[in-house]
2 protein chains.
Amino acid sequence: MKLQQLKYLLAIVDNGLNITAAAERMYTSQPGVSKQLKLLEEELGMQLFTRKGKSLGNITAAGHQVIERARIIMREADNIRSLASDYYQEEEGSLSIATTHTQARYVLPEIVAEFRKRFPKIGLNLHQGTSEQIADMISSNDIDFAIATGSNDLFGDLMLVPSYRWDRSIVVPKDHELTKLDRKITLQDLAQHPLVTYVFSFGGQSSLKRAFEDQGLEPDVVFTARDADVIKTYVRMGMGVGIVASMAADCSDRKDLAVIDAEGLFPRSTTWIGFRKDAVLRRYMVDFIRLFASHISAHQLDDIQRAGSQVDIDKLFKTADLPIRGACEEGVTAAA
Amino acid sequence: MKLQQLKYLLAIVDNGLNITAAAERMYTSQPGVSKQLKLLEEELGMQLFTRKGKSLGNITAAGHQVIERARIIMREADNIRSLASDYYQEEEGSLSIATTHTQARYVLPEIVAEFRKRFPKIGLNLHQGTSEQIADMISSNDIDFAIATGSNDLFGDLMLVPSYRWDRSIVVPKDHELTKLDRKITLQDLAQHPLVTYVFSFGGQSSLKRAFEDQGLEPDVVFTARDADVIKTYVRMGMGVGIVASMAADCSDRKDLAVIDAEGLFPRSTTWIGFRKDAVLRRYMVDFIRLFASHISAHQLDDIQRAGSQVDIDKLFKTADLPIRGACEEGVTAAA
DNA sequence: CGCGTTTACGTCGTTCGTAACGATA
DNA sequence: TATCGTTACGAACGACGTAAACGCG
């Protein structure tokens, strides 16, 4: 059994049991991959795949078990390389982050800027997707960090470091009648207008719908998007009242939109940064976490890396201590 | 990075940083091992060991981390081989068990006999030691199972399947005055005689000393051994009153010794069989567990293998349901 | 000078890529 | 016939073992 055989095995699996595609991905010849697979199966004395004629048909039951172990092995091999890189190539490497649009567009820019200043040679990859897609990416692909909100169940294998909390904001055209209320806005007020907001499958956001239901209200959602910019565009067109994360209610929007704080109307959300508990974090990765979750002390972060599970982490923080990010407050995170 | 380089690395570490010894253990030449270590260090770009002249001095800080990961990798590689063996060599393999004298001498014989009948081709290795030695063996060596009593803290990384509970028995010469009591024996009675019992460091047995202390008694322990046979020998010599595990009070002993049940005098102990949670159990290993912990259903055992931690296992059983092994009751486990 | 490691070198086995072949839809 | 996997073969590489040199106590 060789590491490369396991690597090829995983490449085959990750390319839909297509050996040719796997070979291309590994920058090697197809017969080589084919042969190594055969050698591995011979050494183990078992079939890892069923064959359909000459093509690979399916993964055998035993094959699944082997693949699972092979992934652990490759992961730890990567970890060893990671450890080593930290010693002689401190400022070289790359950082892949999977996150949602709101984070990528409104929260990360200033953090990324600071990070690039400190580590100019580190390549940064930003992968955008829904919570589900992020969960997929981090479990299969080579993603270092996930940054998202809520939905702890989707990310059970990750260590989640909470960063900040946030509420929703209501976004309407400047002359909208909701701007003329002389009292705090209520859900009843909102229910009387057509709403434009995030798609509900969007991690944790369905709590929005439930907030209405809890008061026996039926919100009139006319349009959903997964992108705050799209929502604001439609609000500008007068299609309805927008409900977005407060971070997405940018200062620049205030020129032609009115932003009403919706604190208290909906449950407060917590955004975190997560990483695989079996991953070795390179120095610049730890620094990124500290940038993103700036209230975390170096000492606490050490504890987290030693913690065995998410539950352990929860004991290390009081959620109430997390900063709250509001609308149009630049530099909150960087300044802390 | 090659699997063999990692294997050599671990061999070097496990042989006290002596490359020559490591090479012998791996049945290969010494320069080969030396060279592979060098290649590995070159590829990683870091020193895994400090050098004292030409010899290896110590493991570097980073080296420790690499070694830790390398162990995981080798373990999973073994697991893959294990999985494979289960498919085409069902009845070949070996089973290494670390346990205490009492188990090896009085409990395991009938189980081993049954196991050998079912799996005549499986090699059986019985390693005997104190709880501490057993803990050492299973964490470093290639031991499949640990069988012991109490001391959960020593075996935190293991999955512990409880098998049975037991009490102590008092062993005295047939005409001893303790045999003439017409009431149940008490700790006070015992405290008035010289005692012969297990060494206290012997896992969980120090609870014996505490039982006396809790009643303000000072036991007069004249002799300790880690071996029930030795204890009984000295009891026969009239050196004192023996306190042994009830399983060790054999039927054959009754010819010249009187056995008094000490149930209730000391806390009841639970004996379990433990295995590494990251180990793949071959079919015959699962069967061994079922032989040893015969009250466990196949379904429960499946659940255990899927469980993530010792805590999860504890939820699967009621300790109160475990059988109690008494003195001189042959075939209890086999018959259940 | 013994012990242990490294260097040097020849041998042998393995991997890899190219090219040709076989099977499948 | 296009796609995908296997077989065949020669070239390059890498691992291994023997023999010898080196450093340290």
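Only this structure's heavy atoms are used, side chains among them; waters, hydrogens and symmetry mates stay out. First the proteins, then the strands, lettered A, B, ... as listed; each starts at 1.
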*Asks:* Measuring to OP1 and OP2 of dT18(D), would you say a side-chain N or O of Gln30(B) lies under 4.0 angstrom away?
*Replies:* no

*Asks:* Over how many whole Å does the gap from Ile19(A) atom CD1 to dT24(C) atom P extend?
*Replies:* 15 Å

*Asks:* Should we count CZ of Arg25(B) as having more than 12 external heavy atoms under 6.0 Å?
*Replies:* no

*Asks:* Between dC16(C) atom P and Tyr27(A) atom OH, what is the distance in whole Å?
*Replies:* 16 Å

*Asks:* Tell me which nucleotide among dT6(C), dA8(D), dG17(D) gets nearest to the side chain of Arg51(B).
*Replies:* dT6(C)

*Asks:* Describe the nucleic acid contact of Thr20(A) in one word from base, sugar-phosphate, nothing, applying a heavy-atom distance below 4.0 Å.
*Replies:* sugar-phosphate

*Asks:* For Ser96(A) and Asn125(A), indicate whether the former's side chain and the latter's backbone hold a donor-acceptor pair under 3.5 Å.
*Replies:* no

*Asks:* Should the pair Glu41(B)-Lys35(B) be classified as a salt bridge under the 4.0 Å nitrogen-to-oxygen rule?
*Replies:* no

*Asks:* Measure the distance from NZ on Lys35(A) to C1' on dC4(D) and round it to the nearest whole Å.
*Replies:* 18 Å

*Asks:* Any sub-3.5 Å donor-acceptor pair from Thr99(A)'s side-chain atoms to Gln128(A)'s backbone N or O?
*Replies:* no

*Asks:* For a quick check of understanding: with a heavy-atom distance under 4.0 Å over all strands, which category does Leu39(B) fall into, base, sugar-phosphate or nothing?
*Replies:* sugar-phosphate

*Asks:* Roughly how many Å is it from CE in Met26(B) to C1' in dA15(D), rounded to a whole number?
*Replies:* 14 Å

*Asks:* Parallel, tilted or perpendicular, judged at 30° and 60°: which one describes the rings of Phe288(A) and Phe115(A)?
*Replies:* perpendicular

*Asks:* Between the side chains of Gln133(A) and Asp136(A), does any donor sit under 3.5 Å from an acceptor?
*Replies:* no

*Asks:* Round to the nearest Å and state the distance from Leu37(A) atom CG to dC16(C) atom P.
*Replies:* 14 Å

*Asks:* Do you see a donor-acceptor pair shorter than 3.5 Å between the side chains of Glu76(A) and Asn79(A)?
*Replies:* yes

*Asks:* Figure out the CG/P separation between Leu56(B) and dC24(D), and round it to whole Å.
*Replies:* 14 Å

*Asks:* Could you identify which residues of residues 1-18 of chain A place a heavy atom less than 4.0 Å from some atom of DNA chain D, listed by residue number, or say none?
*Replies:* Leu17(A), Asn18(A)

*Asks:* Given dT18(D), dG17(C), dT7(C), identify the nucleotide with an atom nearest to the side chain of Lys38(B).
*Replies:* dT7(C)

*Asks:* Would you indicate what Ser55(A) reaches in the nucleic acid, counting non-hydrogen atoms under 4.0 angstrom: base, sugar-phosphate, or nothing?
*Replies:* sugar-phosphate

*Asks:* Grab the CD-P distance between Glu41(B) and dT5(C) for me, whole Å please.
*Replies:* 13 Å

*Asks:* Which nucleotide sits closest to the side chain of Thr28(A): dG17(C), dG17(D), dT6(C)?
*Replies:* dG17(C)

*Asks:* Can a side chain N or O of Gln36(A) be found less than 4.0 Å away from OP1 or OP2 on dC16(C)?
*Replies:* yes

*Asks:* Rounded to whole angstrom units, what separation is found between the CG atom of Leu40(B) and the C1' atom of dG14(D)?
*Replies:* 15 Å

